[in-house]
Amino acid sequence: MLWAALGGTALLGLAGCGGSGSAVGHDVGGEANIKLPPLDEMVGGISGTTLLWIGLVVCLLGLGFGLLSYSKLHKLPVHSSMKEVSETIYETCKTYLKQQGKFLMVLWVFIAAIILIYFQFLQHMGAKVLIILLFSLVGMAGSFGVAWYGIRVNTFANSRTAHASLRGRPYECFDIPMRSGMSVGMVLISVELFMMLFIMLILPGDVAGPCFIGFAIGESLGAACLRIAGGIFTKIADVGADLMKIAFHIKEDDARNPGVIADCTGDNAGDSVGPSADGFETYGVTGVALITFLTLAVPDPSEQVKLLVWIFVVRVVMLIASFVSYLINTAVTKARFGNAKAFDFEKPLSSLVWITSVMSILFTVVTTWWMLGDMGDGMWWKLSIIISCGTLAGALIPELVKAFTSTKSRHVREVVTSAKEGGASLDILSGLVAGNFSGFWLGTVIVGLMGVAFLVAGTGLGDMGAMSEVKWAVFAFGLVAFGFLGMGAVTIAVDSYGPVTDNAQSVYELSTIEEIPGISEEIEKDFGFTPNWAVAKHFLEEQDGAGNTFKATAKPVLIGTAVVGATTMIFSIIMALTNGLAATAEVTKLGLTHAPFLLGLITGGAIIYWFSGASMQAVTTGAYRAVEFIKANIKLSDETTKASIEDSKKVVQICTEYAQKGMLNIFLGIFFFALAFAFLDPYFFVGYLISIAVFGLYQAIFMANAGGAWDNAKKIVEVDLDAGGTPLHDASVVGDTVGDPFKDTSSVALNPVIKFTTLFGLLAVELAVSIGTGLVTHILAAVFFVVAAYFVYRSFYGMRIHPGDSDGLEDPDIDLTAPSATATAADLPVPPVSQESPDSPASPTSPDTVSRQTHRAGTL
């Protein structure tokens, strides 16, 4: 696979070396031509550089708060049995991340090759190319680093939360995951903002622009890899562990199930690593999109500086607003629920989101008035309204998502009601209904807020040269995306709350703490309280339901940001192709009457559906292998209390193996499709980018909220109805396993896919135009398309469950109607080793599996 991909890249390099560099008329918008102006312009009576240096200090303070929270959390009391489990989870997470780090470097080679060819051989930037490559690594390391930090915090907060539940006081159960989430959120936003301010303040203006592009591509690559691979990993493990509840009628997170440790690792790989890297990249790419737009669309250098400085000062102010809102919400929550015996865990999470939204809007209005009040035509209040549309969306969207995914929502309860009489079939159908309805309501709200921003922008946002009205609208949409993530620290915090609460109940079960002799006396002696066994697990499961809901709320916020922000980045490509909208003949090609543009619109939808299928195929095949291994090796005798660490590690290995296989096919397919379509026709490519943004928005919302509805329907059955092990529970588990890849694999990964394709598209289009249109670019387009099609083929036919594993279903000589009730365990068919992965630990002929066949037969 890699040889095919490297061959296509090498061919591009040869074309680039021999290219004429004929980018005549397309200089506007080229990354090599983005130059940041001097930032020492007076803004609000203070030098712009001074304001940005103050912003750097605020970022350091935010980072300090996050690290201080880390330290305090680490010192919280925890029983040794729970600590041991959480450290085991962290070690498996660490192993997974190390493997992903190596994998990332392989993928970076492809990106580095394109950067080198374009900036060195076509733009002749010399040694500056090394700086761009360096910052692409910095961006990738940033995504990777915050992801690592997230799992480290979450994997010791989980055991502390489980331990706190023993006190029988729900506020303490809530406080720990909330503090860990805020630690992750503050560190993530502070590091990202610090890096961007560093580039603006330290690097020369003619280098800063290309470095922003390199930085953004690097962090986008890191997020795409960690989000897609993490989504595949977590759902292989989750599905594999969940199906054991049906197969053997064992409890949730049964310590004897070898898939549970992998599931806990997956909770962090998918719900902590993925969102952390995704949030980091989203925050950065949105900023880069606005920087690119302002340097290209605003002709007045003085206004450029004011708007650039204003954007980053507002981001700093919103970071402060998030911190202040957290302190206010914590004080209010403690006063209301500190001594309560029970409360709704969703209420303080919702209040935090709303307080932050209101505070951010107030801080934004005051800051904008102070900084831009002297600009004419009411610029300050117009920009305040536009950016506040995005900030308001950051609070409205979670409320709408709750209507479709909360354990208290009518849609989720409808799923449970349907399953009572209709089993898994109606459970699944009701979840699909919830997902479809959510697409309508969330799409309507996003369009409505963008419409308000458009109307305000239509009253004028200053001189932007040719076709100012169009540029005003694009700038407004970029600011809406900017506002979406203004309260990013809190968005990430409530999202990170989920994996901690999910892991906490798993840690509780895996520790088998209730079965330790003399445990009550030990806890009273060592920790000074008598454990309340009656309510501990109940609080943890209730928290998990709230965590599921708020994990779901962050997904549409991130995907909405990607789509709205993509409009700004796509416009940068349009600026490059139309010489800043001055070339009227080129502008007319951006309509439905131009066939390539229309065909691009149709093609983008095809890619979204391929991606959704390819990512779920990786989950399906990986889960098959995991189930195969777990069934063959699970020990359920009375003498067994826990699965062996060796078996648990092998399930983790299966998950990692298929996550990386699936990721490689998907990433290289997307990479070479972007090159193929950019080289085929730039206007085809613009239509393609618009299409994947629109199709991706609704596909992601539908899948995320349908999956969230199925997930919390299962939680209602397990917690509210206490119906574990019943047919209703079996039906809800089936629905949840369908929803798992919906909500945590395909939907969430569409966000970095859209942003990476759009951002990389800037480079791809300039590369194609610089080489020059004609036979060479069309040949390259054909080659790249063939390479991409190869990986599309591999994403199914290279990942599918081998026909030999179907237990004879494809053998025409097998009588499928023959009775099988008398079959014994020894007669059960054993699938042969997959030709795709003969050495996989899932193989039923591995030494470990063979040694347990006798035990398996006895169990069955």
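Start at 1 with the first residue, then count along the sequence.
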| task | Test Leu73 against Arg160 for side chain to side chain contact (heavy atoms under 4.5 Å, CB included), laying out the working first. | result | CA-CA 8 Å; Leu73 285 166; Arg160 274 71 176 173; over 6 Å; no
| task | Work out which heavy atom in Thr161 is nearest to a heavy atom in Cys173; give both atom names and the distance. | result |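 Answer, listing the atom of Thr161 first, then Cys173: CG2-O, 3.6 Å.
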| side chain to side chain donor-acceptor pair (under 3.5 Å) contacts in which one or both residues fall within residues 58-74, not counting sequence neighbours | none
| Measuring from Leu327:CG to Thr330:OG1, what's the distance to the nearest 0.5 Å? | 6.5 Å
| query | Any donor and acceptor pair, going by atom type alone, linking the side chain of Thr459 with main-chain N or O of Leu455 inside 3.5 Å? | reply |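 Side chain of Thr459 to backbone of Leu455: no pair is present.
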| remark: The complete set of side chain to side chain donor-acceptor pair (under 3.5 Å) pairs with one or both residues in residues 307-327, sequence neighbours excluded, reads Trp310-Thr368
| message | Side chains of Gln304 and Leu36, heavy atoms from C-beta outward: is any pair under 4.5 Å? | response | no
| Within-4.5 Å side-chain heavy-atom neighbours: Met487 and Met359 | no
| request: Apply the salt bridge (charged side-chain N to carboxylate O under 4.0 Å, His left out) test between Asp744 and each candidate in Arg227, Lys551, Lys555; give the one that qualifies. | output: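 By the salt bridge (charged side-chain N to carboxylate O under 4.0 Å, His left out) criterion, Asp744 pairs with just one of Arg227, Lys551, Lys555: Lys555.
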| field | Side chains of Phe135 and Ile213 in contact at under 4.5 Å (non-hydrogen atoms) | value | no
| Validation row: Val365, Trp380 side chains within 4.5 angstrom (heavy atoms) | yes
| task | Apply side chain to side chain contact (heavy atoms under 4.5 Å, CB included) to Phe363 and Met318, showing your working. | result | CA-CA 7 Å; Phe363 280 32; Met318 284 188 168; over 6 Å; no
| query | Salt bridge or not for Lys306 and Asp374, using N-O below 4.0 Å? | reply |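 Salt bridge between Lys306 and Asp374, a charged N being under 4.0 Å from a carboxylate O: yes.
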| field | Non-neighbouring partners of Asp267 that pass side-chain hydrogen bond (donor to acceptor under 3.5 Å, both in side chains), sequence neighbours left out | value |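 Expected list: Asn503.
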| said: Considering only residues two or more places apart or on different chains, which pairs with a residue in residues 488-501 satisfy side chain to side chain donor-acceptor pair (under 3.5 Å)? | reply: Tyr497-Gln543
| query | Nearest heavy-atom pair of Ser302 and Glu41: which atoms, and what distance? | reply |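 In this case the closest contact between Ser302 and Glu41 is OG-OE2, 2.9 Å.
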| So Ile176 and Glu172, side chain to side chain contact (heavy atoms under 4.5 Å, CB included) or not? Walk me through it. | CA-CA 7 Å; Ile176 294 173; Glu172 293 185 34; 5.6 Å; no
| message | Return the CZ to CD distance between Phe280 and Glu192, rounded to the nearest 0.5 Å. | response | 4.0 Å
| Exercise: identify the closest heavy-atom pair between Tyr149 and Ser183 |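 Where Tyr149 meets Ser183 most closely, the heavy atoms are OH-OG, 2.7 Å.
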| message | Quick test of your reading: applying side chain to side chain donor-acceptor pair (under 3.5 Å), list the pairs with at least one residue in residues 344-365, sequence neighbours left out, ordered by first then second residue. | response |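 Found Asn329-Ser351, Asp344-Lys408, Glu346-Ser406, Glu346-Thr549, Ser350-Lys402, Trp354-Glu399.
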| note | Taken in chain and number order and not counting sequence neighbours, the residues that satisfy side-chain hydrogen bond (donor to acceptor under 3.5 Å, both in side chains) with Lys755 are Asp278, Glu281, Thr282, Asn751
| Candidates Asn548, Thr407, Thr405 - the one meeting side chain to side chain donor-acceptor pair (under 3.5 Å) with Asn712 | Asn548
| Is a side-chain N or O of Ser143 found less than 3.5 angstrom from the main chain of Glu219, in a donor-acceptor match? | yes
| query | Going by heavy atoms in the side chains, are Val563 and Val694 under 4.5 Å from each other? | reply |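 Contact flag for Val563/Val694 side chains = no.
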| Between Leu188 and Ser276, is any pair of side-chain heavy atoms under 4.5 Å apart? |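 Yes, close enough: below the 4.5 Å cut-off.
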Only distances under 3.5 Å count here; give the side-chain donor-acceptor pairs of residues 44-66 to other protein atoms, sequence neighbours excluded, each with its distance to 0.1 Å.
| from | atom 1 | to | atom 2 | distance (Å) |
| --- | --- | --- | --- | --- |
| Ser47 | OG | Thr49 | N | 3.4 |
| Ser47 | OG | Thr49 | OG1 | 2.9 |

Show me the side-chain donor-acceptor pairs of residues 469-483 shorter than 3.5 Å, one per line, residues at least two apart or across chains.
| from | atom 1 | to | atom 2 | distance (Å) |
| --- | --- | --- | --- | --- |
| Lys471 | NZ | Met464 | O | 2.7 |
| Lys471 | NZ | Ala466 | O | 3.2 |
| Trp472 | NE1 | Gly462 | O | 2.8 |

| query | Roughly how far, to the nearest 0.5 Å, is CD1 of Ile328 from OG1 of Thr333? | reply |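 It is 11.5 Å, given to the nearest 0.5 Å.
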| note | SG of Cys389 to CG of Leu449, rounded to nearest 0.5 Å, is 5.5 Å
| Which value, rounded to the nearest 0.5 Å, describes the distance between Ile559 atom CD1 and Phe484 atom CZ? |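 CZ of Phe484 is found 10.5 Å from CD1 of Ile559.
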| What class does the angle between the rings of Phe198 and Phe194 fall in, given that below 30° is parallel, 30 to 60° is tilted and above 60° is perpendicular? | parallel
| note | Correct closest heavy-atom pair for Ser388 and Ile361 would be OG-CG2, 3.6 Å
| message | Nearest 0.5 angstrom please: Leu558 CG to Leu485 CG, how far? | response |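 Separation between the atoms: 6.5 Å.
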| Test log, rule side chain to side chain contact (heavy atoms under 4.5 Å, CB included), inputs Phe174 and Leu349 | CA-CA 10 Å; Phe174 166 82; Leu349 292 168; 4.0 Å; yes
| request: Could you pull out all residues at least two apart from Phe571 that satisfy ring pair (Phe, Tyr, Trp, His ring centres under 6.0 Å)? | output: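 Partners of Phe571 by the ring pair (Phe, Tyr, Trp, His ring centres under 6.0 Å) criterion, ordered by chain and then number, come out as Phe293.
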| request: Side-chain contact test, heavy atoms from C-beta onward, threshold under 4.5 Å: evaluate it for Ile320 versus Val324 and give yes or no. | output: yes
| Under the 3.5 angstrom rule, does the side chain of Trp369 hit a backbone N or O of Val366 as a donor-acceptor pair? |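 Checked: no pair found.
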| query | Which atoms form the tightest heavy-atom contact between Pro556 and Ile397, and what is the distance? | reply | CB-CG2, 3.6 Å
| task | For Ser190 and Leu319, work out which heavy atoms get closest and say how close. | result | OG-CD2, 3.8 Å
| message | Under the salt bridge (Lys or Arg N to Asp or Glu O under 4.0 Å) definition, can you give me all pairs with a residue in residues 378-391, not counting sequence neighbours? | response |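 Those involving residues 378-391 are Asp377-Lys382.
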| message | Restricting to ring pair (Phe, Tyr, Trp, His ring centres under 6.0 Å), what partner residues turn up for Phe337, sequence neighbours left out? | response | Phe343
| Any Pro37 side-chain heavy atom under 4.5 Å of Leu308 side chain | yes
| task | Mind checking side-chain hydrogen bond (donor to acceptor under 3.5 Å, both in side chains) for Trp148 and listing every partner two or more places apart, or none if nothing turns up? | result | Tyr90
